Colleague: 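There's a structure below that I have some questions on.
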Protein chains: 2
Amino acid sequence: MSSSKHHDHKRCVTSALENAAAICSSRGLRLTPLRRQILELVWHSHRPLGAYSLMEMLAEHSGRKLVAPPTVYRTLDFLVEHGLIHRVHTLNAFVGCSHPAGPHSDVLFICRECQTASEVHSPQVYKAIHICAAEQQFKVVQQMLEVVGICAGCAARKP
Amino acid sequence: MSSSKHHDHKRCVTSALENAAAICSSRGLRLTPLRRQILELVWHSHRPLGAYSLMEMLAEHSGRKLVAPPTVYRTLDFLVEHGLIHRVHTLNAFVGCSHPAGPHSDVLFICRECQTASEVHSPQVYKAIHICAAEQQFKVVQQMLEVVGICAGCAARKP
DNA sequence: CCACGTTATGTTATTATATAACATTGGCAA
DNA sequence: TTGCCAATGTTATATAATAACATAACGTGG
Ligand SMILES: [Zn+2]
Ligand SMILES: [Zn+2]
Ligand SMILES: [Zn+2]
Ligand SMILES: [Zn+2]
């Protein structure tokens with residue numbers, strides 16, 4: 001559990017669940033038990049998790065009978081659609097969004113050693129991308145830039 | 001065949017094949033018939049193609065017997081490894097690299113209407129990403145930023 | 001030329017990821 | 001309550017990727 005950086009990860013989880021509840025409430029969305037459980041599992045750590053891992057974890061942790069893939073994917077789709085989690089294409093996986101209320105124009109730094117994915121909001125990158133897009137007359141619809149490399153923690157451990 | 005922008009696509013293909021031959025030659029790599037054929041098929045258009053589509057196209061176009069997935073993936077791995085094509089994670093697909101000799105720090109604009117993927121080299125974006133990474137003490141290993149949206153051509157067609 | 005090590009390709013089977021199509025349930029409001 | 005709609009369940013299948021091992025092609029020293 002938790003990421004490479006030592007921190008009180010329970011706070012991440014409770015905060016994520018509280019945010020989700022608030023957002024769903026304010027938007028008239030239903031944060032059902034299944035959605036809540038899967039969101040909590042996605043937040044198990046800062047490592048993106050695949051749909052099938054989540055399926056298995058759900059069966060183990062919640063006592064619930066093994067749900068089938070469509071159920072998990074539908075729930076993940078819901079969470080992605082409303083910005084509570086992000087899909088990580090590089091890993092075919094999902095990770096919790098660290099600022100679900102915001103505009104979601106971020107860079108996701110993915111460590112190829114420890115798989116930790118950290119989301120960084122960078123107006124500079126955002127601006128540069130949009131300038132570049134404008135030059136191509138390209139209209140950006142969805143933006144989650146995935147950058148693969150080595151995180152600070154892993155770089156320190158492996159000198 | 002070809003992309004949304006009208007252009008002499010045959011030139012794209014011949015140029016890509018010539019570049020590949022030169023690069024392989026200079027690096028002591030073997031551009032075997034299979035590799036050459038698959039590279040040519042990837043360059044069939046500017047739309048990224050999946051491995052299985054390439055398999056089928058290979059069987060149709062080259063008269064060759066249907067090759068199995070591992071063969072295609074190995075060949076694609078070779079082409080990716082040496083920068084002749086790019087893997088497009090957003091689409092689980094592959095697209096030809098438009099400047100295979102370069103440093104490959106680019107933005108790939110993917111049109112969700114016509115699937116055309118156009119690679120743009122932007123020092124500004126590159127710089128912004130690396131500044132952002134440096135702030136996180138994150139060491140970038142691999143960078144191909146995929147941005148999904150609507151290309152100029154499709155925007156013009158659908159007002 | 002041959003024998004040999006290396007690289008490339010072939011083959012079979014399996015794993016991993018994702019969706020289609022339809023059935024059932026549960027909340028909620030007329 | 002009845003009836004709708006959203007959510008979840010179920011079954012089957014599509015799509016993407018790899019493991020493990022077999023054979024073929026290439027080049028190099030003898
Ligand atoms: Zn945390
Ligand atoms: Zn790491
Ligand atoms: Zn072209
Ligand atoms: Zn387009």
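Each chain gets a letter, A, B and so on, in the order its sequence line appears, and its residues count up from 1. Computed from a predicted model, the values in this text were never measured in an experiment.
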Colleague: Counting neighbours of CD on B:Gln137 that are heavy atoms of other residues, nucleotides or ligands and sit closer than 6.0 Å, is the number greater than 12?
Modeller: no

Colleague: OP1 or OP2 of D:dA17 less than 4.0 angstrom from a side-chain nitrogen or oxygen of B:Asn92, does that happen here?
Modeller: yes

Colleague: Would the number of heavy atoms belonging to other residues, nucleotides or ligands and lying under 6.0 Å from CZ of A:Arg27 be above 12?
Modeller: yes

Colleague: Specify the separation, in whole Å, of atom CG of B:Leu31 and atom C1' of D:dC26.
Modeller: 15 Å

Colleague: Between C:dT9 atom C1' and B:Phe78 atom CZ, what is the distance in whole Å?
Modeller: 13 Å

Colleague: From CG of A:Leu29 over to P of C:dC28, roughly how many Å is that when rounded to an integer?
Modeller: 14 Å

Colleague: Give the rounded distance in Å between these two atoms: CG of A:Leu91 and C1' of D:dA17.
Modeller: 15 Å

Colleague: To the nearest angstrom, how far is A:His82 atom NE2 from D:dA7 atom P?
Modeller: 9 Å

Colleague: Report which part of the nucleic acid A:Arg30 touches: base, sugar-phosphate, or nothing (heavy-atom distance under 4.0 Å, all strands).
Modeller: sugar-phosphate

Colleague: Establish, with yes or no, whether the OP1 or OP2 oxygen of D:dA17 is under 4.0 angstrom from a side-chain nitrogen or oxygen of B:Tyr73.
Modeller: yes

Colleague: Assess the pair B:His9 and B:His44: is the distance between their ring centroids shorter than 6.0 Å?
Modeller: no

Colleague: Test side chain to side chain contact (heavy atoms under 4.5 Å, CB included) on B:Ser105 and B:Val125; report intermediate values, then the result.
Modeller: CA-CA 9 Å; B:Ser105 296; B:Val125 172; over 6 Å; no

Colleague: If you compare every side-chain N and O of A:Thr32 against the phosphate oxygens of D:dT8 (OP1, OP2), does one of them come in below 4.0 Å?
Modeller: yes

Colleague: Tell me every residue that passes ring-ring contact (aromatic ring centres under 6.0 Å, His included) with B:His99, counting only those two or more places apart in sequence or in another chain.
Modeller: none

Colleague: A:Ser53 or A:Pro70: which one's nearest nucleotide on DNA chain C is closer to the 5' end?
Modeller: A:Ser53

Colleague: Any idea which of C:dA18, C:dT12, C:dG10 is nearest the A:Arg87 side chain?
Modeller: C:dA18

Colleague: Starting at CG of A:Leu66 and ending at P of D:dG9, how long is that distance when rounded to a whole Å?
Modeller: 11 Å

Colleague: Select one nucleotide: of D:dT8, C:dT12, D:dT11, the one nearest the side-chain heavy atoms of A:Thr71.
Modeller: D:dT8

Colleague: Check whether any side-chain nitrogen or oxygen of B:Arg74 sits under 4.0 Å from OP1 or OP2 of D:dA20, and answer yes or no.
Modeller: no

Colleague: Would you tell me if any nitrogen or oxygen in the side chain of A:Arg35 comes within less than 4.0 Å of OP1 or OP2 on D:dA7?
Modeller: yes

Colleague: Rounded to the nearest angstrom, tell me the gap between atom CG in A:Asp77 and atom P in C:dT19.
Modeller: 7 Å

Colleague: Would you mind reading off the distance between B:Met55 atom CE and D:dA16 atom C1', rounded to a whole angstrom?
Modeller: 11 Å

Colleague: Check whether any side-chain N or O of B:Lys65 sits under 4.0 Å from OP1 or OP2 of C:dT9, and answer yes or no.
Modeller: no

